[in-house]
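For reference, the structure discussed in these notes is given below.
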Amino acid sequence: PTAVCLRNIITLSGSLTKLAYYSTVQHKVARVRSFDHSGKDIDNEPLYEISVQEEITARLHFIKFENTYIETCLDFIKDHLVNTETKVIKATGGGAYKFKDLIEKKLGLKVDKEDVMTCLIKGCNFVLRNIPHEVFAYQKDSDTEFRFQTNHPNIFPYLLVNIGSGVSIVKVESEDKFEWIGGSSIGGGTFWGLGALLTKTKKFDELLQLASKGQHTNVDMLVKDVYGGAYQTLGLSGNLIASSFGKSTTADKEFSKEDMAKSLLHMISNDIGQLACLHAKLHNLDKIYFGGFFIRGHPVTMRTITYSINFFSKGEVQALFLRHEGYLGAIGAFLKGAEQDNPNQYSWGENYAGSSGLMSTSPDVYPMQRTRSGTFDMLEMDRLERPLVNLPLLKDPSTYIPDTVDLTDDAMARKYWLTCFEEALDGVAKRAAASQPDSVDAQERAEKFRQKYWNKLQTLRQQPFAYGTLTVRSLLDTREHCLNEFNFPDPYSKVKQKENGIALKCFQSVIESLDSLGWEERQFALVKGLLAGNVFDWGAKAVSDVLESEPQFGFEEAKSKLQGKGRSLDLDLDGPPHKCALIFADNSGIDIILGVFPFVRELLSRGTEMYKALLKQLFNTFIFSNSSALRDEKLLLVQTGSSSPCLDLSRLDQGLAVLVRERQTDLVVIEGMGRAIHTNYYAVLRCESLKLAVIKNSWLADRLGGKIFSVIFKYEVPCK
Amino acid sequence: MVMALIQESFFLPPLDFSSSQTWKSCRCPACSCWITSFFPWFGLDIGGTLVKLVYFEPKDITAEEEEEEVENLKSIRKYLTSNVAYGSTGIRDVHLELKDLTLCGRKGNLHFIRFPTHDMPAFIQMGSEKHFSSLHTTLCATGGGAYKFEQDFLTMGDLELCKLDELDCLVKGVLYIDSVGFNGHSECYYFENPTDPERCQKLPFNLENPYPLLLVNIGSGVSILAAYSKDNYKRVTGTSLGGGTFFGLCCLLTGCSTFEEALEMASHGDSTKVDKLVRDIYGGDYERFGLPGWAVASSFGNMMSKEKRESVSKEDLARATLITITNNIGSIARMCALNENINRVVFVGNFLRINTISMRLLAYALDYWSKGQLKALFLEHEGYFGAVGALLGLLDSA
C-alpha cells in the first residue's frame with residue numbers, strides 16, 4: 001500500500017534517530033454483493049459477486065536508524081512534507097536539543113520539544129494496551145530465552161525503569177498520572193564511559209561483547225575471598241560480590257579488559273536492580289519494566305538485570321522487558337502530537353509484514369544480523385476499525401492464553417509448522433494471483449508476497465521470538481499481513497465463491513432431509529453436519545490436496561471421512577432453551593452453509609436468540625433474508641474484529657462484547673480447527689461452551705493421538 | 001612482602017616466657033572456643049581490605065602486678081603504646097585514642113590500630129614466632145577474616161580465635177563508644193546546613209536515644225543494618241559498591257596505590273568534567289521531574305565521548321569515582337531508611353576516614369533528596385566499631 005500523506009512527523013534522537021509518522025494507507029478489501037434471487041432460476045446465475053474496493057486505513061510508522069543518517073532522514077521528511085500543512089515538528093530526546101538548529105534550517109519548521117519521560121510513558125501505555133505479546137521475561141538458561149507474558153486487562157500500576165545514560169524510575173498509575181520516584185546516575189553512560197576509560201574500547205556494543213567473555217571474579221572481591229572457605233557453614237553464598245573492583249586495589253597488577261568490563265557490567269546491573277527493588281517495595285509494586293539503551297535487545301544486560309531483580313527481591317518480583325522498548329519515546333511523542341486524531345480511542349495492531357522483529361539472540365550474532373537487516377529497524381501499527389476488548393464471558397482474562405501450542409517453546413512443533421507454511425507458500429501465492437485475474441500486476445505482486453513471507457519464515461526459524469510467542473495463529477496473521485501488503489485481501493475468494501455456490505444449492509435439500517428426521521436423530525445429524533462441514537477448508541493442506549485432486553468431493557463423502565463412531569450427545573439440547581448463543585464460525589464455505597446454518601436454525605426453533613460472530617457480513621442478505629429471526633433481531637451477524645481464521649477472545653470487537661452482556665449469552669459455540677484447536681482449546685468460559693472441529697492435519701492428529709479427520713467435540717459446563 | 005615485614009620485626013618485640021601464670025577459662029557460647037580474659041585485651045575486626053585492632057592498655061597496674069607481669073606481655077604493651085607505626089603498614093590512629101576508660105573495673109586507654117588484610121599472614125606468623133599463645137589470652141575476632149584466617153591462627157600461631165558475629169560487634173561497638181564519649185567530646189556529629197557550603201559546619205549530636213537507627217557500614221563493601229532496640233537489629237541489605245570499589249577503580253583509572261593518595265587526588269579534581277549533569281542534557285533544571293541542573297544524570301557519562309576522555313585529568317577521574325560511589329551509597333541508604341521508616345542514618349566504616357568530601361556529600365544528599373526528613377550522622381571512630389565490639393565480646397563472655 002502506498003502512504004498517501006504524512007500527517008505528523010517526529011524525530012527523536014539518542015544515539016539513534018527514530019522517525020514516526022502517520023499515514024493513510026489504501027488497501028484493497030473484498031466486498032460482497034448478493035443478488036436478489038427470489039423467485040428466479042438460480043442455476044445459471046452467480047449468487048453473489050465480489051468486488052474489490054479501496055479502503056483507507058490509518059497506519060503508524062516508526063523507523064529507527066543511526067544518527068549519522070539524520071540528513072538523509074530530513075531529506076525524506078522534506079520530500080513528503082510538500083502536501084501537508086505542518087508548521088511544527090515534534091522532537092524529543094537528547095537529540096531534540098542537539099539537532100534543533102539543523103532540523104529548523106533544513107525543513108523550515110519550528111521544532112517543538114516534547115518531554116522525554118512523558119513521551120516514554122505514553123508510548124509504554126500504548127504498546128502495553130495494543131500489542132498482545134509486548135512484555136517478556138528473560139531467561140538465559142532455559143530453552144526459551146524469551147517468556148512472553150499475557151497482557152493483564154489492567155496495565156496499571158507499574159514501574160518503568162529507564163536505563164539510558166542514567167537511570168530514571170517512574171511510577172505509572174494511570175494514563176495521565178505518573179511520577180518520577182527516583183533515579184540513579186549509575187546507568188548506561190557509566191558502563192560506556194567508565195568502560196571506555198578502563199578498556200580503551202570505544203563502542204557500547206563492543207564493551208558488552210568484552211563483558212560477555214570476562215570473569216568478574218578476577219576483579220571483584222567475593223564473599224568467599226573475605227570469608228575463606230567458611231562461607232558455606234554460615235549459609236552465605238560465596239560467589240556473591242562483597243566489593244566490586246575490590247581486587248583491583250593495587251597498582252602492580254594488570255587486569256584483562258574482558259574481566260574489567262564484566263565486573264563493571266555486574267556492578268551497574270546489580271546496583272540498578274537493587275534500587276528498582278527498593279522503589280518497588282516502597283511503592284508496593286510488582287511489575288517492573290526495564291527499558292533504555294542499556295537494555296535494548298542486549299541479552300547480556302537483560303540477563304544481569306534479571307539476575308539482580310531476582311536476587312534483591314528474593315524472587316518476588318520479575319524483571320520484565322518490552323519488545324518495542326526502543327520505540328516508546330517516538331510512539332509517545334507521536335501520540336502527543338496526534339492528539340487531535342484521538343489515537344488512544346482506537347485499538348491498534350502490530351503489522352507483522354511491516355515490522356522488524358526483536359533482534360539478537362546473543363551478542364555474537366548481533367552485528368551480523370544488524371547488517372542483514374540494514375540500518376533501519378521498523379515498526380508499523382495499523383489502526384483497527386473498532387476498539388478490541390475481552391470477551392466478557394472469559395473466566396479469567398488475566399490468565400487467558402488464546403493459543404494452544406507455544407511454538408517458541410516446542411521446537412518439534414515449530415519445525416513442523418514452519419515447514420508446513422513454507423510448503424504451502426507456493427500454492428497460496430498461486431491462488432493469490434488467480435484471485436485477481438483482471439489485474440495486470442497480480443503475478444508480480446504475488447511473487448513479491450511469496451518472497452516477503454518466505455523471508456519472514458526464515459527470520460522466525462532463526463528467531464522464533466521475533467514477534468512475540470510464535471504460534472500457528474501468528475504464522476497465519478503474518479501471512480495475512482503480507483498478503484494485504486501486496487493487495488491480496490483474500491486469495492481464496494474465487495474458490496470460496498465457487499464453494500459457496502455449490503453449498504447454497506444443496507442447502508435446501510440438506511434442510512429438508514434434516515427436517516424429515518426424528519428429534520434425536522436430527523440432533524445427531526446436525527452435529528455430524530457441523531463437523532462434516534468443517535472438513536472443507538482450503539487453508540488446511542490435507543484438505544486442499546483432497547479438493548484439488550477430487551473436485552467432486554462432496555458433503556456426504558466428508559461425513560464418511562469423519563473418524564470415530566457417533567455417540568450420544570452430551571450437549572443438553574432437550575433442557576430449557578439457552579437465552580442466547582454465540583457462535584464463532586467461518587465466514588463462508590460449505591462449512592457454514594451446510595454445517596453451521598442448519599444448527600443455528602435448530603437453536604432458533606428452540607427459542608434461543610443467536611448471534612454469530614463472523615468475519616465479514618456475507619450471508620445476512622440471503623439464506624436468512626426472509627427469515628423472521630433476522631428481522632426480529634433474534635439472529636444477529638456480528639464481526640469479531642479480526643480476519644484471522646484463529647480467534648483471540650481477548651481482542652474482540654467492542655460491539656460484540658456489548659451484545660454478549662446485553663443479551664445474557666449463556667452458550668458459546670466455537671467451530672473450526674483454527675478457532676477451537678489452534679486457539680481456545682484450553683479457554684475457560686463462565687458459561688456453557690462447545691468447541692468442535694475436525695483435525696485436518698495428520699501431524700497434529702498424530703500428536704494428539706488420533707487419526708486425520710478425527711473429531712474434537714468438547715462440551716464444557718462451568719463449575720458452579 | 002611478608003619476609004620484609006618479618007625482618008622489620010613487624011608488630012611484636014621478642015617475647016619472654018619466663019614467668020608463669022595461673023588462669024581460668026570458660027567456653028564461649030557463640031563459637032565454643034576457650035575464653036580467658038587475661039591481658040592483653042584485644043579486639044580484632046578482619047575486613048576484606050583492612051584489619052582493625054583495638055588494644056586496651058591498663059593504666060592502673062599496681063606495683064605488684066607490674067612485678068608479676070610477664071616480660072613479653074609488658075613488652076607488647078610498651079611496643080604498642082610507644083609506637084605509632086608498626087612495620088611498613090601498621091598504623092596507630094593516635095588521635096582516636098580514648099583515655100581513662102574504665103573497662104571491667106580496670107582503668108586504661110583504648111588504642112586503635114589498623115593494617116592491611118593482606119599482611120594478615122605476616123601478623124599470624126609473627127604471633128607464632130613470638131609464642132603469643134603462651135600468654136593464654138583469647139583473641140576475639142569478627143569480620144569475614146575471622147573465618148578465613150581461623151585455621152591459619154590455629155596451625156601457624158597455635159591460637160584459637162573466638163569468632164564473633166559482625167552485626168553484634170558493630171552495634172555493640174557503636175553504642176559503647178557513643179556512650180563513653182570521645183575524651184569528653186561527643187562521639188557522634190552531623191553537619192548543619194549541609195546544602196549550604198558557606199554555612200555548613202560539623203556539630204555534635206546527642207545519640208542518647210539512638211533507636212530506631214539505620215547503620216550504614218562502608219568498608220570494602222557496604223552493609224546496612226536497622227537497629228530498633230539494644231537486642232533488636234537486622235541486616236537490611238548491602239551493596240558491593242563501597243570503599244573497595246572507589247579505591248579499586250581509582251587504582252585502575254589513575255595508577256594510584258594508596259587510599260590516601262586516591263583521596264588526595266580526588267580533593268583536587270572536578271567531577272563535573274567526567275559526569276554528565278542534568279543541565280548538560282536539558283540545558284538547566286529538568287522541571288517536569290523536579291531535577292536540579294547540578295544533579296548528576298550520568299556518572300562518567302561524559303566519558304562516552306573520545307574528546308572528553310582525552311581532556312580529563314586523573315584528579316577529575318578520582319573525584320568522579322568518589323562522588324559516584326558516595327552518591328550511590330547515599331541513595332541506597334535513603335531508600336532503606338524510607339522502607340524501614342527510620343529517619344536517622346549513621347554512617348560508619350573506614351571509607352569515611354579522612355574523607356570529608358564523602359561525609360559532606362552524604363549529609364547533603366540525604367537532606368536534599370529527603371527534603372530535610374533524613375539526618376546523616378557520623379561517628380569519630382569511623383571504622384573501629386567492629387573491633388571494639390569484639391573486645392567487648394571478650395569481656396562479656398569471660
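Values reported hereafter were calculated over all heavy atoms of this structure, with side chains retained and with hydrogens, waters and symmetry mates removed. Lettering of chains follows the sequences in order, A, B, ..., and the numbering in each one begins at 1.
N339(B) places a side-chain N or O within donor-acceptor distance of the main-chain N or O of L278(A), the cut-off being under 3.5 Å. Here the side chain of Q274(A) pairs no donor or acceptor atom with the backbone of T237(B) at under 3.5 angstrom.
What you find for N328(B) and S184(A) is that their closest heavy atoms are OD1-OG, 4.3 Å. Closest non-hydrogen pair, M267(A) versus L249(B), comes out as CE-CD1, 4.5 Å. Listed here is the closest heavy atom pair of C251(B) and S248(A): CB-O, 3.3 Å.
Residue contact with chain B, scored on non-hydrogen atoms closer than 4.5 Å, involves the backbone and the side chain of L282(A) alike. Within the 4.5 angstrom heavy-atom criterion, only side-chain atoms of M221(A), from C-beta onward, approach chain B. Using a 4.5 Å cut-off between heavy atoms, K306(B) touches chain A through its side chain atoms alone. Contacts of C256(B) with chain A are made by backbone atoms alone, with heavy-atom separations under 4.5 Å and no side-chain atom involved. If you measure heavy-atom distances from E261(B) to chain A, you find no contacts under 4.5 Å at all. Heavy-atom distances place no part of F246(B) under 4.5 Å from chain A, backbone and side chain included. For a residue to count as touching a neighbouring chain, one of its non-hydrogen atoms must lie under 4.5 Å from one of that chain's; by this rule F204(A) does not touch chain B. Interface remark: E287(B) contributes no atoms to any contact with chain A (heavy atom separation under 4.5 Å).
Contact of the L194(A) side chain with the T324(B) side chain is not registered, since no non-hydrogen atoms from C-beta on lie closer than 4.5 Å.
For the set N270(A), D252(A), D225(A), the count of heavy-atom pairs under 4.5 angstrom toward chain B peaks at D225(A). Contact tally against chain A (heavy-atom pairs below 4.5 Å) for I332(B), V296(B), T239(B): the top residue is I332(B). Chosen from G238(B), G143(B), A146(B), G255(B), the residue pairing most often with chain A at heavy-atom distances under 4.5 Å is G238(B). Ranked by non-hydrogen atom pairs under 4.5 Å with chain B, the options G188(A), S185(A), G195(A) are led by S185(A). Heavy-atom pairs under 4.5 Å with chain B were tallied for S244(A), G166(A), A242(A); the largest tally goes to S244(A). Of the listed residues (F245(A), F255(A), F312(A), F191(A)), the one with the most heavy-atom contacts under 4.5 Å to chain B is F245(A).
Aromatic ring pairs are classed by plane angle as parallel below 30°, tilted from 30° to 60° and perpendicular above 60°; the pair F289(B) and F178(A) is perpendicular.
Side-chain contact, S220(B) with S243(A): no donor N or O sits under 3.5 Å from an acceptor N or O.
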